[in-house]
Amino acid sequence: QVQLVESGGGSVQTGGSLRLSCVISGYTSRSACMGWFRQAPGNERWGVAAIRPDGRTTYANSVQGRFIISQDNAKNTLYLEMNSLKPDDTAMYYCAATRADWSLVFLLKTDVYNYWGQGTQVTVSS
């Protein structure tokens, strides 16, 4: 059974940083396309960043240059380094994984992912 467990969320002030982690069990991260998504109350869930097994990454325009997605295959862990945080970044953050070999253009779409974590809350105050 594949499980994803996020951690690292919290409350920070504008301009602060956080690093989210997502530990994967029941599947090896080196074979999966993986992504980070976020959802604010009343809004749809949308893709923030994603990474392919070959290491190529893609980002939403609103986080490009501020967020960095990475993975440690030895630890089966996905990370999201978030810098220069803004109040608009406040949301529940979810990690997701898929066994399918999707190209980058599809990896910020929720539909391509099979497995989801429970989320970790990030709150940025002004």
Side-chain angles (χ1 to χ4, degrees):
Q1 182 179 0
V2 177
Q3 289 188 323
L4 287 70
V5 180
E6 303 97 334
S7 62
S11 297
V12 296
Q13 292 188 328
T14 297
S17 298
L18 285 173
R19 188 176 80 155
L20 306 183
S21 300
C22 173
V23 178
I24 306 107
S25 60
Y27 192 61
T28 176
S29 63
R30 64 171 59 87
S31 300
C33 293
M34 302 198 65
W36 286 99
F37 290 74
R38 71 189 189 190
Q39 186 171 20
N43 292 342
E44 294 185 352
R45 189 174 301 186
W46 57 272
V48 173
I51 187 167
R52 282 180 40 84
D54 58 12
R56 287 185 292 157
T57 59
T58 185
Y59 297 89
N61 289 339
S62 61
V63 306
Q64 182 78 45
R66 299 189 297 124
F67 290 11
I68 301 172
I69 188 172
S70 62
Q71 60 186 42
D72 184 334
N73 292 328
K75 297 181 179 180
N76 241 22
T77 301
L78 180 73
Y79 300 101
L80 183 68
E81 184 78 29
M82 304 187 296
N83 302 304
S84 302
L85 284 162
K86 307 173 183 178
D88 285 349
D89 296 318
T90 295
M92 186 71 79
Y93 283 71
Y94 300 89
C95 69
T98 174
R99 297 175 185 267
D101 187 19
W102 293 96
S103 61
L104 282 176
V105 69
F106 296 108
L107 288 182
L108 294 183
K109 300 180 184 296
T110 58
D111 291 354
V112 308
Y113 290 91
N114 309 110
Y115 307 104
W116 293 86
Q118 294 300 306
T120 186
Q121 178 68 37
V122 172
T123 303
V124 185
S125 58
S126 57

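In this text the structure is predicted, and so the values were computed from the model without any measurement.
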Which heavy atom of [X] sits nearest a heavy atom of [Y], and at what distance?
| X | Y | result |
| --- | --- | --- |
| Leu78 | Gly35 | CD2-O, 3.9 Å |
| Ala97 | Ala32 | CB-CB, 4.5 Å |
| Ile24 | Leu4 | CG1-CG, 4.3 Å |
| Cys33 | Ala100 | SG-O, 3.5 Å |
| Ala60 | Gly47 | CB-O, 3.5 Å |

Any side-chain to backbone donor/acceptor pair from [X] onto [Y]? Under 3.5 Å, distance only.
| X | Y | value |
| --- | --- | --- |
| Asn76 | Tyr27 | yes |
| Tyr113 | Cys95 | no |
| Thr120 | Glu6 | no |

Say you draw a straight line from [atom1] of [X] to [atom2] of [Y]; how long is it, rounded to the nearest 0.5 Å?
| X | Y | atom1 | atom2 | result |
| --- | --- | --- | --- | --- |
| Gln121 | Gln39 | CD | CD | 11.0 Å |
| Ser126 | Gln13 | OG | CD | 9.0 Å |
| Ser17 | Arg66 | OG | CZ | 10.0 Å |
| Gln71 | Ser21 | CD | OG | 13.0 Å |
| Met34 | Thr77 | CE | OG1 | 9.0 Å |
| Phe67 | Thr57 | CZ | OG1 | 14.0 Å |

Quick one: are [X] and [Y] in side-chain contact, heavy atoms under 4.5 Å?
| X | Y | answer |
| --- | --- | --- |
| Val2 | Arg99 | yes |
| Trp102 | Lys109 | no |
| Trp46 | Arg38 | yes |
| Val122 | Leu20 | yes |

Out of Leu85, Asp88, Asp89, Val124, which one pairs with Thr14 under the side chain to side chain contact (heavy atoms under 4.5 Å, CB included) rule? Val124

Check Ile51, Asp72, Ile68 against Tyr79 for a side chain to side chain contact (heavy atoms under 4.5 Å, CB included) and give me the one that passes. Asp72

Can we say Arg52 and Asp54 salt-bridge, meaning some charged N sits less than 4.0 Å from an Asp/Glu carboxylate O? yes

Quick check on the hydrophobic clustering: are Leu107 and Ile69 connected, directly or via other members, by side-chain heavy-atom contacts under 4.5 Å? no

Tyr93 and Val63: same hydrophobic cluster, using ILVMFWY side-chain contacts below 4.5 Å? yes

Under the side-chain contact (heavy atoms from CB on, under 4.5 Å) test, residues paired with Leu108 that sit two or more places apart: Ala50, Thr58

For Tyr115, is the OH atom crowded, meaning more than 12 foreign heavy atoms sit under 6.0 Å from it? yes

Phe37 and Trp116 aromatic centres sub-6.0 Å: yes

